[in-house]
Amino acid sequence: LALVAAALLLFDESIPFPGLYTLVPVAGTALILLFARQGTWAAWLLSRPVFVGIGLISYSAYLWHQPLFAFARIRTVGEPPALLMAGLALLSLALAWISWRFIEQPFRRGAASWLPGRGQVFACSGAGMAALIALGAAGLHWQGFDSRMDEGFFERRAEIRAEEEKRLLAVRSGLCHFNRLEPS
C-alpha cells in the first residue's frame with residue numbers, strides 16, 4: 001500500500017513515466033495481491049465499504065474518465081485547472097456508478113436484464129454502430145451539417161477563404177515571400 005500511495009502522492013510531471021518508475025505502483029499492486037490476505041491490516045483497509053464501492057465501479061470509471069479528461073484538455077488553452085480536473089474526476093465516478101448500476105448490473109443478472117441474450121446485445125451494438133456509420137457518411141456526403149451554424153459563420157468563412165486566396169496569389173506571383181515558397 002505504501003508503494004501505491006507513494007506513487008500517487010509523490011509522482012508529478014517531472015517523473016519519466018512510463019519507465020523504471022512504473023515499477024513502484026506495479027510492485028505495490030503485486031504485493032497487495034500476493035500478501036493482503038484475510039487478517040492483515042491491508043485487507044482490513046481495502047475491505048472498507050468505500051474502497052469496495054470504488055472497486056465495483058472502477059472499470060466504468062476508467063471508461064468515463066478518459067473522454068472527460070481528453071475533452072477538457074482539448075477545450076482548455078494550456079493545462080486545465082486542477083479544480084476542473086477534480087470536478088471531472090468526481091463526475092466520472094458519478095457516471096461510473098450510473099453505468100455500473102444500470103448497465104453492468106442488469107447485464108450480469110442475465111434473464112432479468114433488458115438485454116437478456118448475446119444475440120440481443122450484438123443486435124443492439126450492431127444497430128448503434130450502423131446508426132453512427134450512417135451519421136458519419138451523411139456528414140461526409142454533405143461536407144458537414146451547415147444547418148447547425150448561424151449565418152455569421154458562413155460570412156466569416158467566406159471572408160477567410162477570400163483572404164487566403166489573395167495571400168496564395170501574392171505568394172505565387174512573387175509579391176509575398178512570407179512562407180519562403182518559390183514563385184511558380
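Each residue takes its place number in the sequence, starting with 1. All values below come from the heavy atoms of this structure, side chains included, with hydrogens, waters and symmetry mates left out. Just so we're clear, the structure is a prediction, and the values are computed from it rather than from any experiment.
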Return the set of residues passing ring-ring contact (aromatic ring centres under 6.0 Å, His included) with Phe69 (not counting sequence neighbours), or none when no residue passes.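 In terms of ring-ring contact (aromatic ring centres under 6.0 Å, His included), with neighbours along the sequence ignored, Phe69 is linked to His65.
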
Could you work out the complete set of other residues in the hydrophobic cluster of [X], with links drawn between I, L, V, M, F, W and Y side chains under 4.5 Å apart?
X	answer
Tyr62	Tyr59, Leu63
Leu23	Leu20
Phe154	Met149, Phe153

Report yes if some heavy atom in the side chain of Glu164 is under 4.5 Å from a heavy atom in the side chain of Arg167; otherwise report no.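 Yes, at least one pair of side-chain atoms sits under 4.5 Å.
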
Sequence neighbours left out, what pairs pass salt bridge (charged side-chain N to carboxylate O under 4.0 Å, His left out) with at least one residue falling in residues 67-76?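 Those involving residues 67-76 are Arg73-Glu79.
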
Name all residues meeting the side-chain contact (heavy atoms from CB on, under 4.5 Å) criterion together with [X]; count only those two or more places apart in sequence or in a different chain, and write none if there are none.
X	result
Leu1	Ile32, Trp41, Ala42, Leu45, Leu46
Ile98	Phe102
Pro81	Thr76, Leu84

Partners passing side chain to side chain donor-acceptor pair (under 3.5 Å) against Ser92 (at least two apart in sequence or in another chain):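 By the side chain to side chain donor-acceptor pair (under 3.5 Å) rule, Ser92 matches no residue at all.
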
Would you tabulate the side-chain donor-acceptor contacts of residues 127-145 under 3.5 Å, counting partners in other chains and residues two or more places apart, or write 'none'?
none

Throw together a table of side-chain donor-acceptor distances under 3.5 angstrom for residues 2-19, partners on residues two or more places apart or in other chains.
from  : atom 1 : to    : atom 2 : distance (Å)
Asp12 : OD1    : Ser14 : N      : 2.9
Asp12 : OD1    : Ser14 : OG     : 2.5

Nearest 0.5 angstrom please: [X] [atom1] to [Y] [atom2], how far?
X	Y	atom1	atom2	result
Glu104	Ile57	CD	CD1	9.5 Å
Leu93	Leu88	CG	CG	11.0 Å
Trp44	Phe51	CH2	CZ	9.5 Å

Which residue pairs pass the ring-ring contact (aromatic ring centres under 6.0 Å, His included) test with at least one member in residues 72-95, sequence neighbours excluded?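 Those involving residues 72-95 do not exist here.
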
Under 3.5 Å, is there a donor-acceptor pair between the side chain of Thr40 and the main chain of Arg37?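 Here the side-chain-to-backbone pair exists.
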
Using the side chain to side chain contact (heavy atoms under 4.5 Å, CB included) definition, which of the options Glu165, Lys166, Glu159 pairs with Glu163?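 Going through Glu165, Lys166, Glu159 one by one, the side chain to side chain contact (heavy atoms under 4.5 Å, CB included) with Glu163 is satisfied by Lys166 alone.
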
CZ of Arg48: more than 12 outside heavy atoms within 6.0 angstrom?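 Yes, the 6.0 Å shell around CZ holds more than 12 heavy atoms from other groups.
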
If hydrophobic clusters are built by linking Ile, Leu, Val, Met, Phe, Trp and Tyr wherever their side-chain heavy atoms come under 4.5 Å apart, do Leu95 and Leu56 end up in the same one?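 Result: no, two separate clusters.
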
